[in-house]
Amino acid sequence: PTSYSANLAGDGLRQDWGPSAFDRRHIFTIAYVYSPKGFRSDNMAANAVLGLLTRNFTISGQTELYSGLYTSFNVSGRDINGDSSSTNDRPILSNASAPITMVGVDGSYIGGVSGTYYDYAAYNASPSTARVRTVVSPGAVHFLVPKASVGALLVSQEVGRNSYLNPGQQYWNLALEKAFPTHFRHMERGQFLFRVEAQQIGNHNNITYYTNNVTQVGTTAFQDPSNAREPNNQHLRLWAKYQF
């Protein structure tokens with residue numbers, strides 16, 4: 001098995017020319033620290049309250065915005081180009097204007113008539129005891145999953161390698177720190193520091209990448225966010241120390 005399709009024509013490698021799996025087109029990162037001076041008052045009591053509420057604060061954070069990674073649509077488990085490998089095949093691109101959930105599968109794979117295409121999503125979504133086989137026109141679907149004898153002839157029409165741009169990712173980390181100066185003997189510059197840090201403060205649902213196996217279209221496994229979601233979501237940390 002290889003990670004490339006089996007197009008052995010003179011310009012066959014062109015089929016596998018596409019973005020790298022590590023291609024990040026856009027990355028934006030900003031880090032910031034802000035320490036407001038706060039307010040003061042000539043009144044001792046008011047000044048103490050203002051000191052508690054407005055002075056000795058530090059706000060800091062980091063925001064990172066990434067465009068998505070590229071992955072390939074595939075038909076893992078089906079050998080549609082006849083190279084005796086079911087791990088390196090990609091579906092045939094038929095109608096680019098149709099939704100990606102519109103997939104036509106050759107009847108030989110699902111107990112239908114060989115050479116006739118059926119709605120793969122409807123078939124997968126139906127109960128295993130009462131499969132639905134709905135005939136579709138090849139030109140009405142986005143992808144085709146042909147039988148090997150046909151797929152070998154259509155390999156030049158395979159969807160491009162790493163042609164699917166996955167959703168972008170964003171990370172919002174924020175920290176708030178409060179200092180309480182002390183006036184202990186011989187420690188005039190000492191202070192208590194209390195800090196709260198929030199990683200992924202918005203708990204944004206970052207998606208890494210979809211595997212996009214079109215043989216799973218019509219099921220929850222096709223573009224399932226739970227399988228592609230990053231495990232590192234919102235975290236909160238509290239800490240305190242004395243500095244002198």
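One is the number of the first residue; the rest follow in order along the sequence. These numbers come from a predicted model, not from an experiment.
- In this structure, the side chains of Leu154 and Val150 come closer than 4.5 Å at one or more pairs of heavy atoms.
- Once rounded to the nearest 0.5 Å, the distance linking CD of Glu64 with CD of Gln169 reads 10.5 Å.
- Enclosure of atom OH in Tyr209 is not indicated, since only 12 or fewer non-hydrogen atoms of other residues, nucleotides or ligands lie within 6.0 angstrom.
- Across all non-hydrogen atoms, the minimal contact from Arg24 to Ser67 is NH1-O, 2.7 Å.
- Side-chain atoms of Asn95 come within 3.5 Å of backbone atoms of Gly139 as a donor-acceptor pair (strictly under, hydrogens ignored).
- Proximity of a side-chain donor or acceptor of Gln15 to a complementary backbone N or O of Val155 within less than 3.5 Å is detected.
- A donor-acceptor pair is defined here as one N or O able to donate and one able to accept, closer than 3.5 Å; such a pair exists between the side chain of Lys178 and the backbone of Leu52.
- Of the possible donor and acceptor atoms, none in the side chain of Asn81 sits under 3.5 Å from a partner among the backbone N and O of Ala152.
- Of the possible polar contacts, one joining the Thr54 side chain to the Phe39 backbone as a donor-acceptor pair under 3.5 Å is found.
- A salt bridge links Asp16 to Arg90: at least one charged side-chain nitrogen sits closer than 4.0 Å to a carboxylate oxygen.
- In this structure a side-chain-to-backbone donor-acceptor pair under 3.5 Å is present from Asn203 to Gln234.
- Aromatic rings of Phe143 and Phe73 (six-membered ring for Trp) have centroids within the 6.0 Å cut-off, being under it.
- Of all heavy-atom pairs spanning Pro138 and Tyr117, the tightest one is CG-CD1, 3.7 Å.
- When hydrophobic clusters are built by joining Ile, Leu, Val, Met, Phe, Trp and Tyr residues whose side-chain heavy atoms come closer than 4.5 Å, directly or via intermediates, Leu238 is grouped together with Ile201.
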Would Arg55 and Leu50 count as a side chain to side chain contact (heavy atoms under 4.5 Å, CB included) here? Give the steps.
CA-CA 7 Å; Arg55 296 198 297 269; Leu50 289 174; 4.2 Å; yes

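- Minimum interatomic distance between Ser94 and Leu144 (heavy atoms only, all atoms of both residues): CB-CG, 3.9 Å.
- Tyr70 is not connected to Val159 by any chain of hydrophobic side-chain contacts under 4.5 Å among Ile, Leu, Val, Met, Phe, Trp and Tyr, and they are in different clusters.
- Within a 6.0 Å sphere centred on CZ of Arg14, heavy atoms belonging to other residues, nucleotides or ligands number 12 at most.
- Placement of Ile59 and Trp172 within a single hydrophobic cluster is found when ILVMFWY residues are connected by side-chain heavy-atom separations under 4.5 Å, directly or transitively.
- Scanning both residues, Val132 and Ser126, for their nearest heavy atoms gives N-OG, 3.0 Å.
- Between Phe194 and Phe180, the distance separating the two ring centers is shorter than 6.0 angstrom.
- Under the side chain to side chain contact (heavy atoms under 4.5 Å, CB included) rule, Gln216 has a single partner from Val214, Asn213, Asn212, which is Asn213.
- Residues Tyr66 and Ile30 fall into different hydrophobic clusters, defined by Ile, Leu, Val, Met, Phe, Trp and Tyr side chains chained together at heavy-atom separations under 4.5 Å.
- Note that CG of Leu193 is 8.5 Å distant from OG1 of Thr58, once rounded to the nearest 0.5 Å.
- Within 6.0 Å of the CH2 atom in Trp239, the count of heavy atoms belonging to other residues, nucleotides or ligands exceeds 12.
- The shortest heavy-atom contact between Asn124 and Val217 is ND2-O, 2.8 Å.
- Aromatic rings from Tyr32 and Tyr34 are positioned such that their centres are separated by 6.0 Å or more.
- In this structure a side-chain-to-backbone donor-acceptor pair under 3.5 Å is present from Tyr118 to Val113.
- Atom OH of Tyr171 sits about 9.0 Å away from atom NE2 of His204, to the nearest 0.5 Å.
- Hydrophobic clustering (ILVMFWY, side-chain heavy atoms < 4.5 Å, transitive): Ile100 and Leu165 are in distinct clusters.
- The main-chain N or O of Ile110 is found under 3.5 Å from a side-chain atom of Arg133 such that the two form a donor-acceptor pair.
- To the nearest 0.5 Å, atoms CG (Asp83) and CG (Asp89) are separated by 5.5 Å.
- Side chain of Ser114 to main chain of Gly107: no donor-acceptor pair is present (N/O by atom type, distance under 3.5 Å, no hydrogens or angles).
- Without hydrogens or angle criteria, His142 side chain to Met102 main chain gives no donor-acceptor distance under 3.5 Å.
- For Gln200 against Asn206, the heavy-atom pair with the smallest separation is NE2-ND2, 2.9 Å.
- Remark: Tyr210 pairs with no residue by the ring-ring contact (aromatic ring centres under 6.0 Å, His included) rule, at least two apart or across chains.
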